[in-house]
Each structure stands twice: as C-alpha cells, then as structure tokens.
Peer 1: 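Below are the structure tokens for one structure; questions will follow.
Every chain is numbered from 1, with letters handed out A, B, ... down the list of sequences. The model shown is predicted, which means the values in this text are computed figures rather than measured ones.
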Amino acid sequence: MPVVTLPDGSQRRFDHPVTVDEVAAAIGPGLRKAALAGRVNGKLVDTSHVIADDAAFAVVTDRDPEGLDIIRHSTAHLLAQAVKELFPDAQVTIGPVIEDGFYYDFAYQRPFTPEDLAAIEAKMAELARADQKVTRRVMARDEAVKYFKGLGEFYKAEIIAAIPGKEEISLYGQGNWVDLCRGPHVPSTGKLKAFKLTKVAGAYWRGDSRNQMLQRIYGTAWPDKQQLEEHLKRLEEAEKRDHRRIGKDLDLFHLQEEAPGAVFWHPRGWTVFQSLIGYMRERQAAAGYEEVSAPELMDAELWRQSGHMEKFGENMYLTKTPDERLYAIKPMNCPGHVQIFKHGLRSYRELPVRFAEFGKVHRYEPSGALHGLMRVRAFTQDDGHVFVTEDQITSESVAITRLILDIYRDFGFEDVRIKYADRPPKRVGNDAIWDRAEAALKAASSAAGIEYTLNKGEGAFYGPKLEFVLRDAIGRDWQCGTLQVDLNMPERLGAYYIDEHSAKRTPVMLHRAMFGSLERFLAILLEHHAGKLPAWLSPVQAVVIGITERQDEYVLRVTETLKNQGLRVESDLRNEKVGFKIREHTLRRVPYLLVAGDKEVAANLLSVRTRSGKDLGTTSPETFAQGLRVELNSRGRKVWEG
RNA sequence: GCCGGCUUAGCUCAGUGGUAGAGCAGCGGUUUUGUAAACCGUUGGUCGGGAGUUCAAAUCUCUCAGCCGGCACCA
C-alpha cells in the first residue's frame, strides 16, 4: 500500500491506491482546490493519476513554473476546442507552450480574421465557465491513428505515426472534444481564468517553407487576471522602447520606400553612430588592429572562389557594368581583407596580422525579414580578421574573447552568454579541416575560461563560431559578437605566408565582430536604455537654457565654451517658458539641462537638471564640464552626479 | 519569399459611396517668462502608386509598392 513522501519530508500512508487529487485532499482542502497536477517521483502527472506504490510526491499549483506551463498548455487545448466548435472543418495540429503563452496551429480553408479571434476567445471563456472535466485515456497506436483519421484529423494521425513505437499514446478529452497529447493537463477547464488571444499568423507545417501554410493563433495565459494585466502592461512598456519609435521621436534616422532596408541617418543619429565607431577605433587600435578599407564592388569571380556566390548568391546584389563585367556588392568583408593580406609576401614573423574595417555590406534580405534597424539590407559591421598560425589560434582567441566582454561592460551589459556553434549541414571544406577548427575553438574557449552552450549545426559555412549573446534591461537576449575559426577561406582565396623553413603555409583566419551590425547594436542600445543613451553616446549631451532674453549673451557664451571643449552642447534661446523648454529637451532625452536666469548670470553659474528630473543644484560651467568629461571617459560605467 | 493586417497634413489619428477633418508641429503676432505644454491668428493633403466599378470613390474591386505582426531565412 502506497506511502507518499511530501516535499517537506513528511509521509502519508494510504491503505489503497490513491489519485493525486485524493492525496492533495488528504493534505488540505485548499491545496486540493489549487492542485493543477502532481509530481510523482519527479514526473508530472494529472490529478487523476493513480499512485499504487510508494512515491515521492508534490502537488503542482499555479505557483510552480510547471503549473503555469500546464495552464498555458491547457489553454491551448481550450483554444483548439473553441475553434473546432466554431469551425468544425478546421483540422488541429500542434499547440505548444511558448514564452509567456502558447499557440495552436490549424489547417483551415481560409485564414482566421481578427473578428474570428474575438469570437473564438468568447467561446473559450464560455467553455472555461462550463468547467468541463478533463479526462485522460490511453490508446493503442494503430487505433489512435485510425481514430483521428476517422475524425478527419489527418495532421494528428501523421503526428501519431511519427511517435516512437514504445511511447504511450494518450488522449485528452474535455466536453465532446478529444486531442492527442502527452499532458498533463488541468483537471477541469474552470482552472483557466485569465487568457487572451493575441494574434493570428501563417506558419508552415513542421516549420518547413516547402510545406502547406497553417493558421497559427497566439495567446497568453496566466494564473489570474491581475498577472494577465501586468503582462499586457509589460508589452506596452516594451513597445515604448521600440527603437523605430524612439528613432522618430529623437530625429535619429528614417527609412523610406525607395530604399527598403537602408537607413537615412539624420545628424543626431549619425552622431551616435560615429560615437560608436570612434569608441571601437580606440579599443581596436589598443588591441593591435590596423584599420583597412576594401572595395564595395569586386568581380563576381572572387565571390565564386570564396564560396559566397554558391551559398548566398540569391542574397547578393549584382551589377553589370557597360564593359559587360559582373560585379558583386560586398555582403561580407573577409574576401577583401584576404586580398590585402595577400598583397606582398607575408612572413610568419608578421603574424598575427589584425585587420579591422567598419565595412558597409549589402545583403538582399527577404522582404519579410526587414525590421527597423534590427534587420536591414545595408549595414555596417565592425568587422575584423586576424591572420594567425595554427599555434596562435588559442592565444588570439582568448584575447578577442576578453576584448569583447570588456567592451560590453563599457555599454553596461554585464550579463553575457556564449554559444558555441559547430559545423552546419551546408559547408565548405572537408571533415578533417572541420575537426581541427572545432577542436581549436573549443580549446581556446576553455583557455579563456568561458562557459558556453552548444548551438548545434549553426556555424558559418566556412567555420565554427562562438556567439556572444547579451541580455538587455528588460530581459531580452541579443546575439551580437562573434568569433569564428576559419581554415577554409584563406586556402580558397590563395592566401599564404612563409614559415620559418621558407615554406608556404596557409594562415588561419579568425573572423570577429563585437557589435556585429552597428545599425542593430544602436537599435539594441536605444531599446536597452529606452532612448536615454548614456551621455557619451547622446547626440546632444547638454542644452543651455535661458529664462528670458536677458540671459541670451551668457547662454551663448557658456555654450561656446563647452563646445570648444569637445562637449556636444546646444543652446535654446527660443521665446518660450522654461517649463516648455525643459519638457521638450527631457522628451528628447538630453542628459543635462543647464538653466541660466539672472541669478546664475550674476554669479557665473548654471542650474543643472538631469533628464530624469533630478535637480543637481547650481555649479560653474567649468565644474560642470569637468564632471561631464569624467563621466564621458568612464563610458557607461559611471555618471556625473554634480 | 509565405500568411494576415495596415498606408489620410511633418507627427499622432478621426472620417463606411455625396464639397477631406482634429490635436500637436510649422509660420505670423502678442507675451519676457524660474525647472515637463502661455495666448491669438494662420499655412498645409493628386487620402501610398496604378487600373477598374459607379452619375459620384479616402470609402467598393483588382494590382503594385512599402510598413506592421508572425512563419521561413539570417554569411
């Protein structure tokens, strides 16, 4: 007879097999009501699950992460049930839990409309109110296939057919609707109290663009209404951080129809962009890089040799000149850098050779992929290529890794994860070369003392890579930096150096980027800071504001003085009230507002206010400049506090 | 590229077949102002492009483009 051991170590003895529900009831009526599922010997099960033998036991409620997942999963089922009631011809496919919610894919003869969505959501609420019991039963595989085929659910039948033979096939029913599912599920639909359908979209069956397009409905679900509201609020806040919105508000850049996926940088945006470049120049020079610049346009033949034409030809811009020569606009900088390396004889004594370029590349991205500055067709990489001997891979990789991580700290990104991506299915070079490259990159990673997760099959076509992923202020991950070990490209493009025995040797090429795309990195910064860029990146670092025209001369003089010290300062002499000017510059996220009235002019002072509304008191222009300079020099690590 | 939605003044948005609107911005004045919006007046639109239906189209249909949300892709 079963003895169940609770998480606190206490035990309950039963004289007959019991269900999870019964055990929960034995512990307390409140817990029984809150029970969504059980955990028996580590395995999640329904509340109807029968425990016959001794077991470790826990009740799963909506306070457990697993409980939340179960709510979401069951809400996906509720969605499918509602769709089947309203659109009996629709076929169900899969409905997994995703971050903050769930989706369900349906095959239907027409796309669902926003009006359908409202109707479906209403039907879901109705079904939840009915508090239908959710029941589980097991069916033999062949029988299950037959069962779903009989229902006209051919996608389900296909899914079952693909389930490994030894796995149990379980069906879940609620009301008159049955779905194949691994479970577990909530005991009854009444447990689903707070959900909302968010969007409809097309999605390919089995994620393959050669397959039929299904209708995907997304939704979110939470334990209670309040948490749902909070989630919707968070989405709203994230929307306010949208770099496209901020870019417009702050007059940084725009995009227009004639140049899809290409950025028109306005003076303020370009100032930020140039600040990024200036910073990186400094860091790279200190790290032993030499800046180069390779042509934007090179003969297509070169791109054939590199392998780009074969793999990415469809995404390259080509142009035929009047002399009938075919040129490609560079989608990457590496072949150009190899040409510079190749020019002249290189000795092993010169290695490592470190080239860096703020190279503007063009890639014809699929139209549906474009997204503000995040995904564009013309962008600038802080691209570097280091030519090394095989012996130098480790030390050089360690140096690159350290540099990347240190640079991220200057931008206030402390939380950085690293992924290791190995050989992709479509690649150049033989397996022996890949074995060496992968081993070298792994060795370098452990020498650098970094931990990584595996990103299987996601390496570049010419070599494995480390991907540096940073986490922003609202918890989103962005892959930016990359380090790739390439034993293929130098050989394909005929690069070599002379070793200590006067023999020709092919160098190894390390590809690396810190920002990745400057356009995208800038977008990430805008969203991370919600537009409040640190002063060293702000297009305007301070505005000097006069209260009446009596201060005009002083305001101009102070502005001039600060500008002469290399600070980005403007004056605002407009015929407006101070409150109005403060409001405008605050909305433009200017870090410091320097107000001068008669009192300040008389004492040669400025009244300093930050964009977050903090009053830093009065100070002389000299002291302010000094403090700001300290802040600028410490990058994102420190701010001036008056 | 695929599915859906959207596109009206510089910006944010009303306007469901019958003479194109509002707020903000801009411009011209008044006001000389103390830390997130002073007041008065006023300019501004081939309603994304093209084609069609209709006596009549911002509004209905087709088509192209761009954008937005997903999917697929991402050297």
Peer 1: Whole angstroms only, please: what is the OH-P distance between Tyr317(A) and rA75(B)?
Peer 2: 17 Å

Peer 1: Would you tell me whether Thr559(A) and Glu570(A) have side-chain atoms, one donor and one acceptor, within less than 3.5 Å of each other?
Peer 2: no

Peer 1: With a 3.5 Å cut-off and no angle check, do the side chains of Asp598(A) and Gln551(A) form a donor-acceptor pair?
Peer 2: yes

Peer 1: Please check if the distance between the ring centroids of Tyr104(A) and Phe102(A) is under 6.0 Å.
Peer 2: no

Peer 1: In whole Å, what separates the P atom of rU19(B) from that of rC11(B)?
Peer 2: 26 Å

Peer 1: Nearest-nucleotide wise, let me know which of His308(A) and Thr548(A) is further upstream toward the 5' end of RNA chain B.
Peer 2: Thr548(A)

Peer 1: Would you mind checking if Asp208(A) and Arg206(A) are paired as a salt bridge, meaning a charged N to carboxylate O distance below 4.0 Å?
Peer 2: no

Peer 1: Test salt bridge (Lys or Arg N to Asp or Glu O under 4.0 Å) on Glu553(A) and Arg557(A) and set out the steps.
Peer 2: CA-CA 6 Å; Glu553(A) 195 216 318; Arg557(A) 198 168 71 234; 3.3 Å; yes

Peer 1: Taking the same atom, P, in rC13(B) and in rC6(B), what whole-Å distance lies between them?
Peer 2: 14 Å

Peer 1: Quickly, which of Arg476(A), Arg520(A), Lys532(A) forms a salt bridge (charged side-chain N to carboxylate O under 4.0 Å, His left out) with Glu527(A)? Name it, please.
Peer 2: Arg476(A)

Peer 1: Across the strands shown, which category fits Asp598(A) at heavy-atom distances under 4.0 angstrom: base, sugar-phosphate, nothing?
Peer 2: base

Peer 1: Contact class for Arg110(A) vs. all strands (heavy atom < 4.0 Å): base, sugar-phosphate, or nothing?
Peer 2: nothing

Peer 1: In terms of the nearest nucleotide of RNA chain B, which residue is placed more toward the 5' end: Pro114(A) or Lys465(A)?
Peer 2: Pro114(A)

Peer 1: Taking atom types as modelled, find out whether Tyr218(A) and Arg216(A) have a side-chain donor-acceptor pair closer than 3.5 angstrom.
Peer 2: yes

Peer 1: Have a look at Val595(A) and say if it touches a base, only the backbone sugar-phosphate, or nothing, with a 4.0 Å heavy-atom cut-off.
Peer 2: base

Peer 1: Please give the distance between the C1' atoms of rC68(B) and rG29(B) as a whole number of Å.
Peer 2: 42 Å

Peer 1: For the P atoms, the ones on rU16(B) and on rG48(B), what distance do you get once it is rounded to whole angstrom?
Peer 2: 15 Å

Peer 1: With a 6.0 Å cut-off on the ring centroids, do His511(A) and Tyr462(A) count as close?
Peer 2: yes

Peer 1: Counting any heavy atom closer than 4.0 Å, what does Leu587(A) reach on the DNA or RNA strands: base, sugar-phosphate only, or nothing?
Peer 2: base

Peer 1: Taking atom C1' in both rG15(B) and rU59(B), what distance in whole Å separates the two?
Peer 2: 9 Å

Peer 1: Is the shortest side-chain N/O distance from Arg609(A) to OP1 or OP2 of rA36(B) below 4.0 Å?
Peer 2: yes

Peer 1: Give Tyr462(A) one of three labels, base, sugar-phosphate or nothing, depending on what nucleic acid heavy atoms sit under 4.0 Å from its own.
Peer 2: sugar-phosphate

Peer 1: Could you check how far CG of Leu483(A) sits from P of rA75(B), rounded to whole Å?
Peer 2: 15 Å

Peer 1: Round to the nearest Å and state the distance from Asp251(A) atom CG to rU12(B) atom P.
Peer 2: 13 Å

Peer 1: Nearest-Å distance, CD (Gln109(A)) to P (rG4(B))?
Peer 2: 14 Å

Peer 1: In whole Å, measure the gap between the C1' atoms of rG23(B) and rA14(B) for me.
Peer 2: 11 Å

Peer 1: How would nucleotides 67-73 of chain B be written as a contact map, 5' to 3', with B for base contact, S for sugar-phosphate-only contact and - for no contact, using protein heavy atoms under 4.0 Å?
Peer 2: SSBBBBB

Peer 1: By the 4.0 Å heavy-atom rule, please label Lys248(A) as base, sugar-phosphate, or nothing.
Peer 2: sugar-phosphate

Peer 1: To the nearest Å, how far apart are Tyr364(A) OH and rG1(B) C1'?
Peer 2: 9 Å

Peer 1: Strictly under 4.0 angstrom, non-hydrogen atoms only: write out the protein contact profile of nucleotides 37-51 of chain B, one letter per nucleotide from the 5' end, B, S or -.
Peer 2: BB-------------

Peer 1: Would you call the rings of Trp222(A) and His231(A) parallel, tilted or perpendicular, taking 30° and 60° as the class edges?
Peer 2: tilted

Peer 1: Using whole Å, what does the distance between atom P of nucleotide rU35(B) and atom CD of Glu600(A) come to?
Peer 2: 11 Å

Peer 1: Need one value for Gln212(A): base, sugar-phosphate or nothing, where a base atom within 4.0 Å counts as base even if backbone is also close, heavy atoms only.
Peer 2: nothing

Peer 1: Has the side chain of Glu310(A) got a donor or acceptor atom that lies under 3.5 Å from a matching backbone atom of Arg304(A)?
Peer 2: no

Peer 1: Of all the nucleotides listed (rG34(B), rA75(B), rU32(B)), which has the minimum atom distance to the side chain of Arg363(A)?
Peer 2: rA75(B)

Peer 1: Which part of the nucleic acid, if any, lies within contact of Thr198(A), taking any heavy atom under 4.0 Å across all strands shown: a base, the sugar-phosphate backbone alone, or nothing?
Peer 2: nothing

Peer 1: Are side-chain heavy atoms of Lys426(A) and Phe461(A) found at a separation under 4.5 Å?
Peer 2: no

Peer 1: Taking rU53(B) as the reference, what is the distance to rA58(B) when you measure between their P atoms (whole Å, please)?
Peer 2: 16 Å

Peer 1: Given the rule that a pair is Watson-Crick or G-U wobble with both distances under 3.5 Å, how would you write RNA chain B in dot-bracket, using | for pairs to a different strand?
Peer 2: (((((((..((((....[..)))).(((((.......))))).....(((((..]....))))))))))))....

Peer 1: Let me see the working for Glu237(A) and Arg234(A) under salt bridge (Lys or Arg N to Asp or Glu O under 4.0 Å), right down to the final yes or no.
Peer 2: CA-CA 5 Å; Glu237(A) 289 301 314; Arg234(A) 276 195 299 278; over 6 Å; no

Peer 1: To the nearest Å, how far apart are Leu250(A) CG and rC11(B) C1'?
Peer 2: 14 Å

Peer 1: Please work out whether the ring planes of His243(A) and His371(A) are parallel, tilted or perpendicular, with thresholds of 30° and 60°.
Peer 2: tilted

Peer 1: Taking the C1' atom in each of rG26(B) and rG45(B), what is the distance between them to the nearest angstrom?
Peer 2: 15 Å

Peer 1: For Lys360(A), is there an ion pair with Glu296(A) - N to carboxylate O distance below 4.0 angstrom?
Peer 2: no

Peer 1: In whole Å, what is the span from the CD atom of Glu314(A) to the P atom of rC74(B)?
Peer 2: 12 Å

